[in-house]
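Structure first, commentary second.
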Amino acid sequence: MSWLRSAADLLRAKLVSFATAPKRAVVLMQRAVYDVRNGNRTALDVGASVAMTLLGFAMLLVLLFPLYWITAASLAEGTRLFNTDGIFPDPTTYNLEAYRWVIFESDFFFESGDWGYPTITLGGSGLLPIAFEWAGTDTGPGALFNSLYIVTVTIVVGFSMIVPAAYAFSRRSFIARKRILYGYVLFTQIGAGLSIATLVALYSLFSSYGLTNNLFILGLFYAAGAIPFNTWLLKTYMDNIPVSYEEAAMVDGASFLETIREIIIPLTKPGLAVILIFVWLAGWNEFIIAQTLLSPENYPLSVELYNLATEGRFQTPWTRFAAFANLFALPVAIVYFMAQRSVESGLSFGGMEG
Amino acid sequence: MASSTGSVGRLSQLREASPFSSRDWGLLLVVPGMILFSSFMLYPIFYLFYISLTDATFAGSVIGGSAELIGLDNYVQLLSDSQFWTSMSTTWLFVAVSLVIKVFVAVGIALLLNHARVAGKRYMRAAVIVPLGFPAIFTITVWRGMFSDARFGVFNVVLDRYNTFMLWIGEAVDTVVFFASVSVPQALLVDVPVGFLSGRWEAFFAYVTTEVWLAYPFMVIIIVSALQDVPRELHEAAKVDGAGYFHRFTTVTLPAIRRPVLFASILTGATSFQQFLIPWVFNQGGPARQNELIIVYGYREALNFNEFGLSAAILIVAIAFVGLFMYFAVKYGRLAEGVADS
Amino acid sequence: MAEVTLDSLRKEFDRGTIVAVDDVDLEIEDGEFVTVVGPSGCGKTTTLRMVAGLEEPTAGTIHFDDEDVTDVHAKNRSVAMVFQNYALYPHKTVRENMAFGLKMSTEMTKDERHERVREMAEMMGIEELLDDKPDELSGGQKQRVALGRAIAREPEVFLFDEPLSNLDAKLRTEMRAEIQKLQKEFGVTAMYVTHDQEEAMTMGDRLAILDEGQLQQVGKPTEVYENPVNRFVAGFIGSPAMNFVDVDVDTTGDTTTLVNEAAGFELPLSDQYLRGHDLRDSAYTLGIRPENVSVIEEPKGNEIVTTTVEVVEPIGSDNYVHLALTDDFLARSRPDIKPEPDDVVGIDFDERDLHLFDPETGEDVFLREVEPETVAP
Amino acid sequence: MAEVTLDSLRKEFDRGTIVAVDDVDLEIEDGEFVTVVGPSGCGKTTTLRMVAGLEEPTAGTIHFDDEDVTDVHAKNRSVAMVFQNYALYPHKTVRENMAFGLKMSTEMTKDERHERVREMAEMMGIEELLDDKPDELSGGQKQRVALGRAIAREPEVFLFDEPLSNLDAKLRTEMRAEIQKLQKEFGVTAMYVTHDQEEAMTMGDRLAILDEGQLQQVGKPTEVYENPVNRFVAGFIGSPAMNFVDVDVDTTGDTTTLVNEAAGFELPLSDQYLRGHDLRDSAYTLGIRPENVSVIEEPKGNEIVTTTVEVVEPIGSDNYVHLALTDDFLARSRPDIKPEPDDVVGIDFDERDLHLFDPETGEDVFLREVEPETVAP
Amino acid sequence: SDDDGVSGPTMWTDLADAEDEDMQAAIAAYEEETGLELTQEEPGGDLDQQIETAIPAGDGPHSWIWAHDWVGRFAVREEPEFLYDASDDIDVDLDAYTGAARDAVQFDGAVHGLPFASETVTLYYNEDMVDEPPETLDEMVDIMEDFHDPANGEYGLSYPATDPYFASGFLQAYGGDLYDEDALEVTVDSDECKQGLEALETLFDYIPEDPGYESQIIVFADELAPFAINGPWELGNLNEEVENVGVAELPTVDGNHPRTYSGIQMFYFSSMLADAEDDTLDAITGFAEWYTTNEETVLDNADNHGFIPVLEAAVTDADLSDEVEAFAQQVDHGVPMPTHPDMDSVWEPVEEALTRVFNEDQAGDEALDQAASEIRERL
Ligand SMILES: Nc1ncnc2c1ncn2[C@@H]1O[C@H](COP(=O)(O)OP(=O)(O)OP(=O)(O)O)[C@@H](O)[C@H]1O
Ligand SMILES: Nc1ncnc2c1ncn2[C@@H]1O[C@H](COP(=O)(O)OP(=O)(O)OP(=O)(O)O)[C@@H](O)[C@H]1O
Ligand SMILES: [Mg+2]
Ligand SMILES: [Mg+2]
């Protein structure tokens with residue numbers, strides 16, 4: 001659980017730095033003013049910086065326009081998307097009703113007001129000797145739980161296959177290594193449209209093996225789709241870690257597994273952060289297959305969100321839809337925000353070419 | 001002193017993860033992933049291929065097993081369908097146009113958000129990739145709303161305000177230039193409302209815009225990564241060599257990000273090729289099926305026209321194209337670089 | 001081709017909390033080769049970068065001949081710089097690398113540029129490499145290309161930032177000679193930064209020694225070697241480094257004697273040496289170079305002091321004899337002097353080779369600014 | 001703690017197309033410090049890695065004492081290795097770095113480990129750094145940590161792969177002494193790879209010189225310096241390097257004379273020197289070390305040859321005088337010998353300092369294997 | 001899906017929130033009354049796609065609620081079959097429902113479900129803008145003319161006019177059918193339909209430029225248009241958003257009442273019932289009978305959701321609200337959507353044709369001709 005604590009620490013540090021950002025901005029401005037007064041910087045120089053910053057800010061405003069347009073919609077009254085008075089709805093009508101609805105009335109957290117709690121039972125039939133039960137309520141867990149369950153399976157299974165494979169590709173030579181890697185690279189992007197392309201084929205296969213309506217299997221499926229791209233990505237990252245660390249560990253008397261645990265994993269952290277985000281998104285955002293394979297009581301958030309969009313016969317309850325989507329995106333945003341530095345350094349594709 | 005006896009068996013060496021190269025046990029680490037991938041991804045593709053060889057009409061006839069093998073008839077029919085060729089060419093155009101714009105937009109954003117003079121760029125960078133976190137179905141639906149043909153659609157409102165602004169400028173100029181009458185040239189004004197979804201090229205433009213918006217975050221993080229790796233000394237060497245901003249950009253920055261941009265382009269290009277939600281949500285590939293991208297075409301054949309076998313054939317062709325695209329991209333973009341034994 | 005004048009040059013970082021370069025005055029003659037040396041972090045690179053125009057001075061000015069270039073952008077100064085890691089453009093061929101500066105800063109046509117590049121390459125012996133990419137070159141070849149690229153532009157000022165520190169010893173020696181030869185050939189003004197004092201000694205017409213941002217001494221290599229102005233310079237220049245021994249001064253009676261009770265020696269100084277200087281009864285630091293220490297294997301009693309041998313390191317041409325006199329007292333002796341560890345030996349040295357430093361300011365007490373020649377051995 | 005024996009050790013890469021190490025036989029005594037030296041790519045690292053167990057020999061065996069460890073996994077050999085770039089685990093603190101080996105290869109409790117680490121750190125003078133990450137350390141500090149990490153395990157064999165090549169000259173000298181001291185203190189068997197011959201000379205009890213995968217010579221530093229078995233060793237060991245001059249042998253009459261017509265010298269060899277060796281009338285390569293060349297500023301005519309001065313490089317303790325005799329003929333002279341460039345000077349040397357090599361095989365013609373002492377100066 | 005699949009009678013629905021609540025209440029009441037268990041699920045997405053895949057896989061529901069237009073399409077499926085003929089299992093006499101509803105739930109003599117409401121689109125008007133609902137199209141155009149001023153954000157009408165379901169009334173006003181179910185012929189290119197399209201085209205000029213549903217409804221909801229043509233499902237929302245909403249039948253076109261398509265909401269009996277246990281069969285058919293024949297439920301639905309009764313007993317009841325009455329009248333003028341599977345191929349080409357006309361890319365006649373030939377090609 002120590003990683004939990006360190007994650008919490010990281011989050012706290014991030015939040016503190018975020019909260020104090022305005023103060024830093026003020027200090028920055030004060031310094032600029034001071035520097036200009038003292039002749040350390042020319043006004044032109046400061047002006048250029050201000051102009052560039054403003055330009056960046058303006059660009060941000062333009063790029064994120066759809067998001068705050070829709071966020072404004074989520075705060076407005078009524079359910080309509082359009083607003084005939086202008087672009088944004090009247091701010092005086094803003095309220096949090098839609099968020100209240102998502103949290104307390106939709107299936108986001110829990111169904112029909114019952115929280116319940118998960119229980120783990122060992123033994124039993126099925127693929128795994130462990131079974132999850134949702135106890136304390138008749139309605140079963142909310143969609144968030146289903147999503148988290150799927151994502152957990154995807155991440156755990158995905159990582160347990162991606163990390164060793166990436167390591168092997170990066171560090172070992174074995175038969176057909178190049179060919180397999182090449183094949184993986186070919187398939188990195190087929191997954192995306194594939195889900196639609198093979199939807200029916202998938203359904204028929206799943207149902208003929210009796211694997212429909214099974215969150216665990218769905219998690220596996222997402223993990224499978226995430227394997228080629230992420231294996232390749234992580235391999236690229238690992239290629240840049242000097243082998244000498246492993247050799248040092250070996251000479252230090254560490255066994256293979258110890259080397260992996262003590263050296264490889266910590267050193268690959270930025271790469272792992274990147275694939276964590278991608279694997280997470282693979283399991284978190286998909287809804288077409290989930291909807292086809294699952295029954296309603298097992299729907300994850302993504303399907304609930306999609307259903308919300310198509311709920312009315314002809315139109316979408318926009319305020320709720322937007323509120324739901326915002327809450328849906330929040331975990332990803334938090335994870336990314338925490339991992340930003342790692343992600344930015346974990347995505348370098350070998351740098352300059354010769 | 002931990003030292004074992006001299007004659008350690010070959011087998012135990014294997015088990016102990018021998019550091020010596022040319023042992024094939026590395027394959028064992030790769031196999032589980034391959035099995036999982038094959039059973040959930042490759043197998044369905046083969047199954048789809050099988051369907052494409054049958055006369056299946058409904059999803060039910062696939063699942064129920066009443067379809068019969070008819071050989072390559074579906075493919076023959078496909079190739080003689082003019083809609084197939086329309087879809088193919090539109091899809092390629094869509095991929096190409098959106099890719100070019102994506103690259104320019106993403107490079108621009110990345111450069112700006114990596115610029116020394118921009119304060120708070122870390123936060124901006126975090127914010128700028130937020131679209132990545134939202135599910136496509138949501139953002140695309142939102143974009144559909146913004147692209148409404150109606151006068152009160154967001155973009156039409158914006159254009160209307162732009163017109164007002166131009167006219168106001170025109171008037172201001174007119175007032176200042178009292179000796180002649182000046183009016184804003186029509187070319188600078190936009191005829192509102194624009195039918196974003198009802199014209200072929202307007203809709204195409206709307207697709208491209210949305211696609212660019214969906215893909216830029218991924219490109220931006222990759223380019224930012226690359227930019228941060230550029231050695232400062234190269235810039236300085238160029239400065240000392242007498243190069244101005246433009247030349248430094250072309251000699252130092254551009255080569256440094258070329259490869260990552262190429263990677264990102266190939267990856268997002270392949271995704272664009274499979275774009276389904278944008279045309280589907282916007283106007284089902286309309287108007288009049290003119291913008292039916294290839295996956296939409298396949299989907300529609302299957303579900304609206306109940307031609308499942310044909311649909312499978314379309315999708316197989318689409319997959320083949322993506323595969324081919326990736327193959328050449330990998331080969332000539334040297335995407336698998338570093339695969340070479342190290 | 002230009003005289004470079006640094007005038008009270010100062011550079012602060014982080015709003016004045018770090019003073020990287022502290023009021024440096026330095027004049028480099030037209031065509032002169034000045035090496036700048038000092039320990040890591042002393043401000044060498046920063047000084048160089050200010051001359052190149054890559055860093056803006058906090059105060060002070062830089063002149064090329066009579067022109068004040070302090071505020072001129074790097075790309076408009078006629079300087080060429082060889083970076084520590086060469087900074088060759090990795091995607092350009094050697095030819096393109098070398099031609100780039102010409103393209104940017106001259107009006108030459110493409111053919112002229114290529115002609116020039118070919119000439120340079122011939123001179124540097126890298127004609128066959130012209131179509132290679134930097135990745136395919138060895139360290140020494142890269143070094144040559146970087147040099148060629150810098151020279152091709154015929155700059156007025158040549159700047160080098162530790163260009164040899166990535167090469168191995170053998171190659172380093174070779175490249176040193178090459179750089180010197182080229183610099184002389186083109187008669188270009190050069191400023192060469194290194195932290196290797198040997199390199200600094202052998203290469204420069206003059207030597208500038210920096211410490212903590214401040215210029216300690218500027219002068220010809222031998223001059224600096226023989227007359228270091230302070231303890232820092234004395235310890236920094238010369239390899240193996242000068243030995244330092246803490247001594248007290250005893251001015252009882254007529255004679256002034258240097259005393260170190262722990263080591264057990266007394267060294268009376270002659271009047272000739274003192275030249276009227278008045279040493280107070282206080283602590284000083286005595287400095288003596290290893291090569292000026294004679295080791296007497298069979299002490300006869302008339303040595304300055306006897307001590308025991310710790311280690312003897314043969315380096316072929318000489319032996320380094322580590323002595324127990326102080327913590328790390330070294331004598332450099334002829335290879336035939338080979339005492340065994342723990343032998344008791346005598347040591348001796350000439351009064352004229354002694355340096356005496358003020359333990360607080362570090363300054364040489366007898367600094368013979370006026371007549372440096374008189375003390376040369 | 002262990003004697004290391006390499007027996008016909010051979011390593012091929014790329015299916016035999018590259019022979020990195022070619023039948024090397026080497027015995028390292030218990031507690032001995034052997035330096036392995038050779039030019040880049042000669043197979044030093046490969047040899048070391050085979051001893052560490054990081055590379056599997058193509059043929060040959062490795063014994064630690066009497067135990068055949070050829071097929072033993074690295075983690076089960078009691079070796080410690082200091083890598084060129086230190087390979088400190090960047091995500092661990094200094095303490096964790098040092099404790100890691102103990103944790104992996106001993107049964108110590110956490111407290112015991114930390115106690116040991118603290119002791120080691122104290123010995124190495126890095127106690128204050130224990131909680132820092134490697135990134136925050138300077139080169140010398142990293143070096144110490146890497147050493148400490150290796151020593152803490154009390155291995156039987158200590159392997160060093162150019163551990164000092166990234167440090168600056170000053171630090172390098174310091175660290176050399178430290179490594180030697182520690183090795184002696186722990187009495188551990190050590191193998192030290194370097195491409196710097198000076199380092200190899202000063203540090204090793206014995207020196208092994210490799211070239212193109214083959215062992216050229218093994219011996220005490222002075223022995224190798226004085227009696228190189230072939231031209232390669234002669235040229236590689238010693239800095240500045242030995243001068244080589246192509247000569248013809250003229251055996252007209254009784255005397256055997258070495259002749260170089262271009263340089264215009266004739267050098268009759270005494271019988272004592274020849275010791276019965278028969279030099280045919282053919283070409284040889286003469287070798288003479290710079291320090292054995294005397295420069296005579298005012299040639300009196302009885303010198304071996306006169307030549308002109310090219311450059312004089314003062315390095316403080318000596319002057320390097322570059323002479324026009326051959327392409328790069330160097331004499332190392334006392335600092336007071338300071339001819340001007342283009343002066344005509346005479347040079348002289350003692351017959352006994354001469355080496356003669358076979359121009360084809362490169363072997364020393366007079367190789368005095370039997371009685372090395374007799375030719376020591 | 002054997003372990004956690006839902007056993008017992010299952011019904012899939014895709015209802016609006018308020019409708020859903022009432023349905024749950026009804027099920028609860030039924031369960032209480034009979035002691036049988038019934039599971040209602042909302043699978044979301046496109047219900048027909050879900051059914052398409054679920055039934056062949058054996059995971060389908062026993063029943064679902066949807067308008068009757070899928071009856072034909074699913075009834076003709078074989079291997080596997082999709083619908084169940086419940087004629088032998090139901091006790092209720094089909095004569096209890098209106099004629100249109102009776103026809104709607106049957107296909108080739110088999111009874112595939114039971115109807116409980118019908119719906120169609122009709123005219124909403126803003127009573128603050130319009131005193132009296134227009135009787136004729138010309139009157140309506142006059143009123144629209146007064147209000148229509150798009151540059152200032154005001155429009156004459158709110159009408160998703162390119163959706164064939166919405167447009168059907170005017171297209172078929174002159175007596176032509178989009179699809180002639182008796183002759184099994186595509187008649188969208190008939191002269192009558194072309195005439196109808198002309199009438200429709202006059203309306204095109206008064207609606208917002210985006211014919212999408214959401215763009216249309218907003219202008220009436222924001223009181224920027226005096227009229228809307230829409231269905232009963234908007235009744236609740238519009239009553240909240242617009243102060244005084246009136247509902248009337250559609251104005252006549254050259255004296256003809258627009259013949260809007262009407263949909264009959266019904267409980268489908270799926271083929272899953274064929275192998276189901278008797279209990280399940282009883283629960284499903286029993287609930288459908290109970291619900292569709294319960295006059296109270298039907299009237300509540302009419303009041304709360306604008307569901308137009310199809311139970312004869314309720315239709316003759318004078319207690320219906322004005323709004324429902326208006327819808328009922330419009331249903332009377334209209335025709336049930338054809339159930340024949342060929343109809344699946346009609347919707348899209350017609351919608352595309354209307355879109356082309358709306359965008360002024362094509363003349364009306366040509367557009368319909370093209371649509372007709374496209375449809376024929378498909379069949
Ligand atoms: N951009 C900077 N920001 C803050 N401090 C700096 C910066 N550049 C240099 N310094 C500081 O200025 C001082 C001098 O640095 P400089 O790089 O000039 O040293 P140097 O003599 O070149 O050292 P080295 O031999 O290690 O290259 C150092 O203390 C360094 O930390
Ligand atoms: N893994 C390998 N695959 C192929 N060739 C190799 C490999 N490792 C080393 N070699 C080759 O073996 C030879 C000896 O290499 P080695 O690294 O032992 O040299 P070295 O003496 O340590 O050189 P340096 O001083 O540059 O470190 C070189 O020619 C090298 O190219
Ligand atoms: Mg520096
Ligand atoms: Mg090596």
Side-chain angles (χ1 to χ4, degrees), chain A residues 2-3 5-7 9-10 13 163 166-167 170-178 234 237-276 338-339 341-346 348, chain D residues 13-15 45 48-55 72-93 96-108 113 133-135 142 145-146 148-163:
Chain A
S2 74
W3 63 272
R5 193 170 336 115
S6 58
D9 286 347
L10 184 61
V163 177
Y167 175 78
S170 170
R171 291 290 197 261
R172 305 285 152 193
S173 60
F174 45 85
I175 337 170
R177 168 172 169 275
K178 251 175 133 161
L234 192 61
Y237 186 80
M238 281 182 172
D239 283 348
N240 293 329
I241 300 173
V243 190
S244 58
Y245 294 130
E246 279 155 79
E247 293 178 340
M250 227 183 271
V251 173
D252 265 347
S255 69
F256 178 59
L257 288 179
E258 284 166 336
T259 310
I260 296 288
R261 195 184 63 225
E262 297 272 349
I263 310 297
I264 300 293
I265 299 290
L267 287 181
T268 320
K269 253 187 200 156
L272 294 177
V274 171
I275 68 164
L276 174 71
M338 283 167 61
R341 196 178 290 270
S342 296
V343 172
E344 282 178 3
S345 62
S348 44
Chain D
F13 285 112
D14 295 344
R15 300 196 188 69
T45 299
L48 203 69
R49 288 168 58 84
M50 287 192 284
V51 176
L54 296 173
E55 209 87 62
V72 174
H73 189 278
K75 77 186 175 74
N76 298 327
R77 301 191 189 183
S78 183
V79 299
M81 183 153 169
V82 179
F83 291 80
Q84 177 164 358
N85 55 2
Y86 319 135
L88 296 180
Y89 311 121
H91 57 289
K92 292 184 188 288
T93 61
E96 287 162 350
N97 259 287
M98 290 174 68
F100 183 71
L102 296 175
K103 190 166 138 199
M104 291 297 122
S105 56
T106 67
E107 303 283 295
M108 287 182 164
R113 288 201 300 268
K133 290 271 176 79
D135 263 0
K142 277 187 198 160
V145 175
R149 176 172 75 172
I151 297 171
R153 287 188 52 211
E154 299 191 348
E156 295 182 6
V157 180
F158 229 159
L159 305 173
F160 299 88
D161 192 5
E162 315 201 4

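This is a predicted model, so every value here is computed, not measured. A note on names: the letters A, B, ... follow the listed sequences, proteins ahead of strands, and every chain is numbered from 1.
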Sidechain N-carboxylate O distance under 4.0 Å for A:Glu262, D:Lys103: yes
Minimum heavy-atom distance D:Tyr89-A:Tyr245, with the two atoms named: CE2-O, 3.6 Å
Atom pair CZ (D:Arg49) and CD (A:Glu247), whose distance is rounded to the nearest 0.5 Å: 3.5 Å
Tell me, yes or no, whether the heavy-atom count around A:Lys269 atom NZ, taken from other residues, nucleotides or ligands under 6.0 Å, exceeds 12. no
Could you state the interatomic distance from CG (D:Leu54) to CD (A:Glu246), rounded to the nearest 0.5 Å? 10.5 Å
Does the side chain of D:Met81 come within less than 4.5 Å of A:Asp252's, by heavy atoms? no
4.5 Å side-chain heavy-atom contact, A:Val251 and D:Lys75: no
Please report the closest heavy-atom contact between D:Ser105 and A:Gly253, naming both atoms and the distance. CB-CA, 4.4 Å
For chain D, which candidate among A:Ala248, A:Pro266, A:Pro242 shows the most heavy-atom pairs at distances under 4.5 Å? A:Ala248
State the OG-CE distance between A:Ser255 and D:Met104, to the nearest 0.5 angstrom. 7.5 Å
Among A:Ile241, A:Leu267, A:Ile263, which residue meets the side chain to side chain contact (heavy atoms under 4.5 Å, CB included) test with D:Pro90? A:Leu267
Checking heavy atoms, do the side chain of D:Leu102, its backbone, both or neither come under 4.5 Å from chain A? neither
